[in-house]
Peer 1: 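Have a look at this one.
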Amino acid sequence: MSNPQVPGPEHETFSAFEISEADRAPLDAAALRRGMAAAGLGELWISEHTGSTNDDLATRAHGADLANLSVETTEHQMAGHGRLGRDWQTPARSALASSIYFRPGPGFDSSGLAWLSMLCAAAMVQTLREDASLAAGLKWPNDVVAEGKKVCGVLAQLVMRPAGPVVVVGAGLNVSLTAAELPVDTAASLGMLGAATVDRTALLDGYLRRVAQLFRTFESAGGNASAKARYTAGAGATDAETPDAETPEAPEATLREVVRSVMVTIGHRVDAHLPNGTVLRGTAIDLDADGSLKVRQDDGTVHSVMAGDVTHLRRSDGSYA
């Protein structure tokens, strides 16, 4: 699986992005449901506006037995959640906020639940590379970046139910926002970066197909991120759409390897800001078997840093990613 380099800030070529009415068209529910049915996903709910799609889907999960891989999305998210309780909102139809319900089957190792956010982030990276022609990558643990800027955040939420835990994973993708509409200068939108498409329906369709493919394979591997399986590299067309097409067999890999292959953090000097105010500085050398980041200090000491242990992770050279 290729791992194109994401240019740093010195290579930024952001042009003025002018919004057209088509850039903020409503989602095509019928097209999305067709794609979801072909990919074996569950139900779809689209709201005109909401506080948080993660909250909405978690509430549904508490109240009913939902079909696996059901999806909640909205035209306008007004109180999205990020890591450490950060909130944000975007103009209507300028972003893609979606949440996916995961209810793994019997035999799925509970340790695999922690990998679902990075699985979704890897699917988003694949979507942006293949459908939007952006050199996207994953900044550990849960930011999707392109040209040194954050374009998407991914957040998992564990929902405890009497029948067992389920996971809701939300993704917020900046699609047609202008620089003035973004809350921080470390973020960008697909439109600002000259993406091949800002069609939210096409982007969501591609993302959901890739999530389904990665998850089904991960589920067949028992939720073991270190077990070899044949992870499909991209979404492609369904058999129903191209019945005579031959799909080449994917090489065996682990989910850890799939995620690591799209990471842009590995190999860089990083500053891990810890809750106690200290900073762990070193070189990010690998993704550990539990999803933690392995950081080697100058004295050779290697630390494994869990996502929940870090307030911020930044490049030591001042770059965001």
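Below, all heavy atoms of this structure are taken into account, side chains as well, without hydrogens, waters or symmetry copies.
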Peer 1: Taking it one step at a time, do Tyr320 and Arg314 satisfy side-chain contact (heavy atoms from CB on, under 4.5 Å)?
Peer 2: CA-CA 6 Å; Tyr320 181 78; Arg314 295 286 188 267; 3.7 Å; yes
Peer 1: Could you go through the side-chain contact (heavy atoms from CB on, under 4.5 Å) check for Val175 and Thr90 one step at a time?
Peer 2: CA-CA 10 Å; Val175 181; Thr90 56; over 6 Å; no
Peer 1: Which pairs count as ring-ring contact (aromatic ring centres under 6.0 Å, His included) when at least one residue sits in residues 103-137, sequence neighbours excluded?
Peer 2: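 For residues 103-137: Phe108-Phe218.
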Peer 1: Can you list every side-chain hydrogen bond (donor to acceptor under 3.5 Å, both in side chains) pair that touches residues 192-201, not counting sequence neighbours?
Peer 2: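 For residues 192-201, and leaving out neighbouring residues, the side-chain hydrogen bond (donor to acceptor under 3.5 Å, both in side chains) pairs sorted by first residue read Glu75-Arg200.
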Peer 1: Would you find a donor on one side and an acceptor on the other, under 3.5 Å apart, between the side chain of Trp140 and the backbone of Ala307?
Peer 2: no
Peer 1: List in chain and number order the residues that pass side-chain hydrogen bond (donor to acceptor under 3.5 Å, both in side chains) with Thr74, two or more places apart in sequence or in another chain; answer none if no residue qualifies.
Peer 2: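 Applying side-chain hydrogen bond (donor to acceptor under 3.5 Å, both in side chains) to Thr74 gives Ser47.
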Peer 1: Not counting sequence neighbours, which residues clear salt bridge (charged side-chain N to carboxylate O under 4.0 Å, His left out) with Arg60? List them please.
Peer 2: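 In terms of salt bridge (charged side-chain N to carboxylate O under 4.0 Å, His left out), with neighbours along the sequence ignored, Arg60 is linked to Glu72.
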Peer 1: Could you walk me through whether Leu66 and Leu57 pass the side-chain contact (heavy atoms from CB on, under 4.5 Å) test, one step at a time?
Peer 2: CA-CA 10 Å; Leu66 306 182; Leu57 194 51; 3.9 Å; yes
Peer 1: In plain terms, say whether Asp131 and Arg209 are close enough for a salt bridge, that is, a side-chain N and a carboxylate O under 4.0 Å apart.
Peer 2: no
Peer 1: For a side-chain contact (heavy atoms from CB on, under 4.5 Å) check, start with the C-alpha distance between Arg216 and Leu69, then their side-chain angles and the critical distance, and finish with the verdict.
Peer 2: CA-CA 10 Å; Arg216 297 299 187 198; Leu69 301 183; 3.7 Å; yes
Peer 1: Is there a path of hydrophobic side-chain contacts, each under 4.5 Å between heavy atoms of I, L, V, M, F, W or Y residues, that connects Tyr101 with Val154?
Peer 2: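 No, it is not one cluster - the side chains of Tyr101 and Val154 are not joined through contacts under 4.5 Å.
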Peer 1: Can you find a heavy atom in the side chain of Asp286 that is under 4.5 Å from one in the side chain of Arg256?
Peer 2: yes
Peer 1: Can you list every pair that meets salt bridge (Lys or Arg N to Asp or Glu O under 4.0 Å) and has a residue in residues 287-304, with sequence neighbours left out?
Peer 2: Arg269-Asp298
Peer 1: Got a sec, which residues hit salt bridge (charged side-chain N to carboxylate O under 4.0 Å, His left out) with Arg34, two or more places apart in sequence or on another chain?
Peer 2: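 With neighbours one apart ignored, the set is empty.
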Peer 1: Please identify each residue that fulfils side-chain hydrogen bond (donor to acceptor under 3.5 Å, both in side chains) with Glu43, with sequence neighbours left out.
Peer 2: none
Peer 1: Can you tell me which residue pairs pass the ring-ring contact (aromatic ring centres under 6.0 Å, His included) test with a partner in residues 183-214, sequence neighbours excluded?
Peer 2: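 Applying ring-ring contact (aromatic ring centres under 6.0 Å, His included) to every pair that reaches into residues 183-214, excluding sequence neighbours, yields nothing.
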Peer 1: Quick one: list whatever passes ring-ring contact (aromatic ring centres under 6.0 Å, His included) with Phe102, sequence neighbours left out.
Peer 2: Phe215
Peer 1: Grab the two heavy atoms, one from Lys139 and one from Leu313, that are nearest each other, plus how far apart they are.
Peer 2: NZ-O, 2.8 Å
Peer 1: Run the salt bridge (charged side-chain N to carboxylate O under 4.0 Å, His left out) test against Asp109 and tell me which residues pass, sequence neighbours left out.
Peer 2: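 Asp109: no salt bridge (charged side-chain N to carboxylate O under 4.0 Å, His left out) contacts found.
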Peer 1: Can you give me every donor-acceptor pair (side chain of residues 159-170, partner residue at least two apart or in another chain, under 3.5 Å) with its distance?
Peer 2:
| from | atom 1 | to | atom 2 | distance (Å) |
| --- | --- | --- | --- | --- |
| Arg161 | NE | Ala61 | O | 2.6 |
| Arg161 | NH2 | Ala64 | O | 3.3 |
| Arg161 | NH2 | Asp65 | OD1 | 2.5 |

Peer 1: Got a list of side-chain donor-acceptor pairs under 3.5 Å for residues 271-283, not counting sequence neighbours?
Peer 2:
| from | atom 1 | to | atom 2 | distance (Å) |
| --- | --- | --- | --- | --- |
| Asp271 | OD1 | Arg281 | NE | 2.6 |
| Asp271 | OD1 | Arg281 | NH2 | 3.4 |
| Asp271 | OD1 | Ser316 | OG | 2.8 |
| Asp271 | OD2 | Arg281 | NH2 | 2.8 |
| Asn276 | OD1 | Thr278 | N | 3.0 |
| Asn276 | OD1 | Thr278 | OG1 | 2.6 |

